[in-house]
Amino acid sequence: MVAITRVKESVYTPAEKAPEPNLGSEIIPKERYISKDFMQLEWDRMWTKVWLIGCREQEIPETGDYLTTEIGNESLLIVRGEDGKARTFYNVCNHRGNQVKFDECGNSRTLQCAYHFWEYDLTGKLISVPDEQDFTQGCPKDQLSLKAVKTDTWGGFVWFNLNPDAEPLMDYLGMVPQHLNPYHFENMAMVMNVTVDWDCNWKTSVDAFNEVYHVQCIHPELSYTIDDVDIQIDLYERHNRYLVPFKTYSPRLGEDLQEVPEGLADELRAIGMNPDEFHGRVPEIRRAVQEYKRANAETIGIDYSEFNDDQLSDDYHYFIFPNITMNVMAESMMMFRQRPHETDPNKMYYDVTMYVTVPKTGKAIAANFMGDAGPPLPDHEHVKHGERSLGLVLDQDSVNLPHVQKGMNSSAYKGLWISGQERRIRHMHKTLMDYINGEYANDA
Ligand code: FES
């Protein structure tokens with residue numbers, strides 16, 4: 001990696017290698033991916049104990065804006081209150097159990113159930129019951145108001161935790177805010193929002209993005225734009241990351257390229273560099289990109305002052321346990337969120353969202369930039385696997401996953417045989433098992 005230049009020493013993403021924990025080398029049992037009993041354990045001991053992303057703050061900007069989201073069997077209703085706070089409630093009316101809101105999002109000054117018109121205010125308090133005198137047992141507001149869920153915000157996201165006694169969000173996130181605050185996700189605009197039904201366990205999908213071992217096999221094009229060998233892997237307490245050099249090429253190609261490969265040339269053009277005017281050696285392109293962005297920050301309209309040089313070219317790729325993957329670049333972030341199916345360990349929901357920094361001046365790096373006010377909020381698309389392309393690389397990723405899940409159900413298969421370059425998967429399983437029967441298992 002090139003030498004690091006930091007403009008502001010006080011705010012930066014640490015690039016130092018974290019100490020390596022000893023995670024052993026045992027096989028990871030396949031039952032964690034296919035067993036309904038394990039799925040239930042995950043729900044009881046993990047999903048109901050961890051902080052999860054509910055939505056983007058940008059999706060509920062105004063008083064009365066609401067959004068519904070699902071995790072497992074639960075539907076959650078996230079609402080912007082009159083005090084500007086985002087609150088999360090179980091989306092269930094305490095009369096006869098109707099869902100308070102069926103639609104994905106909307107705005108209303110009160111939350112009125114569509115069945116018998118019980119009405120709740122934006123803090124979830126029951127405020128109106130038609131024919132209330134007919135309930136001989138009374139309608140005690142403290143029992144019948146919407147059940148609130150612990151809620152907080154970070155990075156422009158609304159997070160919730162189904163555990164009423166959960167630790168604060170910032171404690172849960174650990175090192176993540178310090179590492180990622182320089183990117184200012186809160187100022188990024190969402191430009192893509194797609195959910196795909198996949199026929200695999202949620203972890204099968206998480207695993208696919210926690211290693212680059214597969215890149216040489218199913219993403220041959222990436223060999224000409226990224227270095228899939230010199231990857232720094234950092235395993236923290238619950239979360240992990242790898243740092244992937246971009247704007248370069250793979251040492252697996254086994255030669256010093258003499259000409260700028262087309263894929264890399266396209267990437268140079270996308271940021272305003274002319275590959276025909278680059279007269280250095282191809283391995284020097286990554287450094288040239290970093291210098292170009294630093295020198296042209298004003299023209300590009302992006303403030304790079306909180307980034308080290310590598311962040312101007314590379315993917316700082318973070319996994320926030322249990323189900324958030326962030327592909328973090330200097331001007332954008334692509335996020336994957338895996339959610340379990342309600343009942344079937346062989347199915348899941350894969351949420352892909354994309355965020356871009358809206359340049360302050362000059363032209364946009366992001367192709368989706370649509371004017372000074374930033375791009376409009378994209379519609380949420382929900383599709384089945386194969387109904388819509390997610391782009392070449394994600395389409396390539398998705399091909400194997402249903403077949404991995406099928407294979408895992410074979411009596412001939414015992415479990416995951418993990419290599420060193422796949423150790424983020426092992427780390428994720430360590431954290432998972434810490435919730436199932438380890439150090440987090442007895443948390444309230
Ligand atoms: Fe909500 Fe009856 S179920 S008012």
Side-chain angles (χ1 to χ4, degrees), residues 39-40 43-44 47-153 157-166 193 195 197 337 339-344 347-349 351 377 379-382:
M39 183 183 189
Q40 187 63 46
W43 180 257
D44 293 339
W47 290 112
T48 51
K49 305 289 187 251
V50 293
W51 282 94
L52 299 167
I53 286 182
C55 70
R56 189 77 179 145
E57 288 223 67
Q58 181 194 12
E59 292 178 278
I60 51 164
E62 307 293 340
T63 299
D65 283 350
Y66 64 84
L67 179 145
T68 55
T69 186
E70 278 79 42
I71 183 74
N73 269 317
E74 296 292 356
S75 172
L76 286 312
L77 178 59
I78 305 176
V79 182
R80 179 76 63 188
E82 288 175 4
D83 56 1
K85 277 182 69 173
R87 292 179 176 81
T88 307
F89 306 102
Y90 286 90
N91 184 20
V92 56
C93 173
N94 284 316
H95 177 221
R96 295 252 301 279
N98 192 25
Q99 289 189 304
V100 179
K101 294 291 179 189
F102 318 150
D103 50 352
E104 197 171 309
C105 58
N107 179 282
S108 57
R109 283 290 153 159
T110 62
L111 305 169
Q112 188 182 60
C113 177
Y115 202 170
H116 312 90
F117 283 8
W118 281 31
E119 196 173 8
Y120 306 86
D121 71 13
L122 299 182
T123 68
K125 186 174 161 202
L126 181 63
I127 53 174
S128 175
V129 175
D131 300 338
E132 186 171 344
Q133 71 285 354
D134 197 39
F135 291 85
T136 55
Q137 73 278 41
C139 290
K141 308 287 186 287
D142 55 337
Q143 283 181 38
L144 298 174
S145 292
L146 297 182
K147 185 172 180 189
V149 172
K150 213 162 186 169
T151 304
D152 204 347
T153 58
F157 296 97
V158 180
W159 300 69
F160 67 89
N161 192 317
L162 297 178
N163 177 6
D165 300 316
N193 186 6
T195 296
D197 297 346
R337 178 177 64 167
R339 290 178 294 132
H341 188 265
E342 299 87 329
T343 56
D344 189 344
K347 295 180 191 286
M348 62 153 297
Y349 303 103
D351 302 314
L377 205 58
D379 291 336
H380 179 213
E381 296 176 62
H382 191 149

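Numbering of ligands and ligand atoms starts at 1, following listing order. We number each residue from 1, following the sequence as shown.
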Practice prompt. Find the distance between CG (Leu52) and CD (Glu74) and round it off to the nearest 0.5 Å.
Written response: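 The CD atom of Glu74 is 12.0 Å from CG of Leu52, to the nearest 0.5 Å.
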Worksheet item: So how far is it from Ser145 OG to Asp121 CG, rounded to the nearest 0.5 Å?
Response: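 Rounded to the nearest 0.5 Å, the OG-CG separation comes to 7.5 Å.
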Fill in: Asn94 versus Leu144, closest heavy-atom pair with distance
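Result for this residue pair: ND2-O, 3.2 Å.
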Fill in: Glu342/Lys347 under salt bridge (charged side-chain N to carboxylate O under 4.0 Å, His left out): CA gap, chis, key distance, verdict
CA-CA 9 Å; Glu342 299 87 329; Lys347 295 180 191 286; over 6 Å; no
Worksheet item: How are the rings of Trp118 and Phe135 set to each other: parallel, tilted or perpendicular (split at 30° and 60°)?
Response: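 Answer is perpendicular, since the angle exceeds 60°.
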Practice prompt. Could you tell me whether the side chain of Phe160 reaches within less than 4.5 Å of the side chain of Ile71, counting heavy atoms only?
Written response: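 Ile71 vs Phe160: side chains touch.
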Worksheet item: Taking atom 2 (Fe) of ligand 1 as the center, what protein N, O or S atoms are found at less than 2.8 Å?
Response: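 You should have found His95 ND1, His116 ND1.
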